[in-house]
Visitor: 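Pasting in a structure now, in structure tokens, and then I'll have a few things to ask.
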Amino acid sequence: MRGERMSLYAQVIVDVPTMQTNKPYTYLVPSELEEQIQAGMRCVVPFGKGSRKIQGFVLDVSNQKPDEDFEIKKIISLMDFVPVLNEEALQLADWMANYTFSFKISCLQTMLPNVMRAGYEKSIRLLDENVEPEIKKLFDQNNLLAFDDKMDAKIRRKIYGLRKKDKVEIVYHVNDRARVKETEFIKSKITAENISAFLNAQRKTATKKKRMLEKLLDLGNDSVERIKFQKQNSFTSNDVKQAENSGWLSLVSKETYRNPSENATTESSSPRKLTAEQNVCVTRINQAIEQEESDVFLLQGVTGSGKTEVYLQTIAHALKLSKKALMLVPEISLTPQMVRRVKGRFGPKVAMLHSALSDGERFDEWRRIERGEAQVVVGARSAVFAPLDRIGIIIMDEEHETSYKQDEMPRYNAREVAIWRGKHHHCPVVLGSATPSLESRARGQKSVYQRLLLTKRINGRPMPHVELVDMREALKSAPSPDFSAELLTKIKEHLKRDEQVVLMLNRRGYSSFVMCRECGFVLKCPNCDISLTLHMDTHSMKCHYCGHEESIPRICPSCRSNKIRYYGTGTQKVEEQLHELLPNARVLRMDVDTTRRKGAHERLLERFGRHEADILLGTQMIAKGLDFPDVTLVGVLNADTALGLPDFRSSEKTFQLLTQVSGRAGRADKNGEVVIQTFNKEHYAIQFACTQEYERFYAYEMQLRHRLGYPPYYFTIKITASYDNEADACRKMYEIRRELSQVLSKSAKILGPTPKAIMRVNNRYYYQIVIEYKKEPRLEEYLQDLLVRSQTDEPKGLKLIIDRDPISFM
DNA sequence: AGCACGCCGACT
DNA sequence: GTCGGCGTGCTC
């Protein structure tokens, strides 16, 4: 057949900010792009009546003309030369969108580094210059004006008026912020032959130029970074520019990676000798790597039992089989210590993805991985999407950590994504923890996961001795409201021996709230249903939900009395008490307030590690992953704060936290001691944490969960609706409840609608429903539909959240 | 977001 | 009868 040219059609997921579907749109591939276009590329397409330019992802390319009859528009351009997402990523996005009830477009975006996500820019072009001079002067010489949300409302209204009269048009731009870093290099043109000619042409006093010629001669054939060359020889950039003009050198730009760990010291570390228990684990996992089995292992090992060494040696095994490895750790444990240990073992093969990286650095690490230049990827939650091929093993440390679940769309849990990828790559997934989540432990029970145990600490040290202090008793004779006599004595003892102490407090701020003793008035946030927290460092009252800040009242705003008092406890207040009780002790305070700035967290820990302080006082963040040999005493000031919360996981969280923080005591050659102060001495979570009996806690908690119909016995989905007024939020949820009762079988439970524990946050009102079920074939379809439908109410102020396997019911 | 379609009230 | 209000729905 002659001249029978087949047209190419692309299935594209479009990124329209206000309207999202999981349905791909069909676009015609213009002939000049037919050669280049591939699934996984980003493109710019016209959309809607105004054919404004938006970003899209190409899912598929084929000759198949769609059956239905609609206008088919042409792809405008491709944003990539090679696909940014491979076949695996596209499949994963499919699964994720369905599983997490989110839009495919947000799943695709989530897999890419920030800089590759589309930014839309609007600008206005003046078409008719015959307008008010006041308006005309806003436009630049190209008759363009940037159009963003910062624009003055009055001007905005005028612009809209002009647009109606066709005097201006709105131009859309799809931006790709991904930039490859270019570095300038110097290539010398000076040789032993030509240098004398140049030298002779200079005046006698031109010492700098002569020096330049000599340095350039020294370079020979090597090229050198311009910045380095200038710095080392104290030339200015102008000197180099002049030399270039004289034809002494040429400047070449080369693509380089931003190197975030350039100045990090890494000493190489070699594999450590394994204990018998570790050896069993490593052997089993290595076998699975070799046989390409997608088993999930639950590596349950007490603190200090050497889980990390098991990870490192199994990774090494995967590398030996020329496979790659993915290792996930909670953000908080991505400390320099940890980075050093992994980099020390695998050197330049490692790519790190953590939140301290700038967008550019993250993009560069991503490209290194994508090009196959890194074989080991270590990172927090989103690193689970690292574009690795040939994965031989996936490791998730501290698998019970709730930070693996993203708390915005798409609400994925990195653990589930890791297991999905394990299946896709036919490789084992290792979930490690001292205190596994009940879900994972239960799957281990049913042999869905293979359990691996590390019951002994590596150097044979006993577990730290844990003492419970009943604060109801202790307060009668306590030296201060937050310190029992027992704890204070212990602190003094350990400090006397020049050892370090870690104190954990379950709350931040100075004192949790301010109350009037005369009338009982409590100062509350004007935007949220929560009392304000006192912060002594800034001398203000802050809301921990919306950030509202106001000054500390001297007289009660309600009854005008001056009997206003502080109640509760916070890290700042405890710090002051410590200074009074132990004036000579050096205290480091670590909480959200002192670690807000980038790297502050690491710097504080390093200072403590160098023994620049005796006591580290902090909130929960100090429970994770820090490992200091001189810490021999851990004190928990208030073990119970989480227990009072109306949440089915509060016992589990409390147990995990106490076990973890206890593990911080006495890791090296010194015995550790732990003192836990509590008002609920008899509570099982506290009792079992005290004796470090995970298995007994697990058994007890499972009974409770079974009786109450909670996970892991039931699946749960939480639906939350919020509006700027309570009535609408409430009404929407009753409507959803009505629909749900049509869809669900008798065996499913619908809890609610109820207002959230903190119903109003930032002047939005939240209502929620929790569904508990075993098998509901129609539920998924209903929720997908609800997700799409609810968009129509978004302009009216609705925000709807569907959260599968919610972390909490609060 | 932006445009068309459509159903109700006020109007030349 | 007709013009135009905006509520509703759709965008390959």
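The sequence lines fix the lettering, A, B, ..., with proteins before strands; numbering per chain opens at 1.
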Visitor: Among A:Thr100, A:Asn413, A:Asp803, which residue meets the side chain to side chain donor-acceptor pair (under 3.5 Å) test with A:Lys405?
Guide: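 The passing option is A:Asp803.
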
Visitor: Would you mind checking if A:Glu365 and A:Arg362 are paired as a salt bridge, meaning a charged N to carboxylate O distance below 4.0 Å?
Guide: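 A salt bridge is absent here (no side-chain N lies under 4.0 Å from a carboxylate O).
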
Visitor: If I take atom CD in residue A:Gln791 and atom P in nucleotide B:dA1, what distance separates them, rounded to the nearest angstrom?
Guide: 13 Å

Visitor: Rounded off to whole Å, could you give me the CG-to-C1' distance for the A:Asp15 and B:dA1 pair?
Guide: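 Rounded to the whole Å, the gap is 13 Å.
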
Visitor: Can you check nucleotides 10-12 of chain C for protein contacts, nitrogen or oxygen pairs under 3.5 Å, and list what you find?
Guide:
unit_1, atom_1, unit_2, atom_2, d
C:dC12, OP2, A:Lys73, NZ, 2.7
C:dC12, O3', A:Thr26, O, 2.9
C:dC12, O3', A:Lys73, N, 2.4
C:dC12, O2, A:Thr26, N, 2.5
C:dC12, O2, A:Thr26, OG1, 3.4

Visitor: With no hydrogens and no angle check, do the side chains of A:Glu776 and A:Ser745 hold a donor and an acceptor under 3.5 Å apart?
Guide: yes

Visitor: Parallel, tilted or perpendicular, judged at 30° and 60°: which one describes the rings of A:Phe47 and A:Tyr25?
Guide: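 A:Phe47 vs A:Tyr25 ring planes: perpendicular.
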
Visitor: What is the distance, rounded to the nearest whole Å, between atom CD of A:Glu794 and atom P of C:dG7?
Guide: 19 Å

Visitor: Does A:Lys181 pair with A:Asp364 as a salt bridge, N-O distance under 4.0 Å?
Guide: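 No.
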
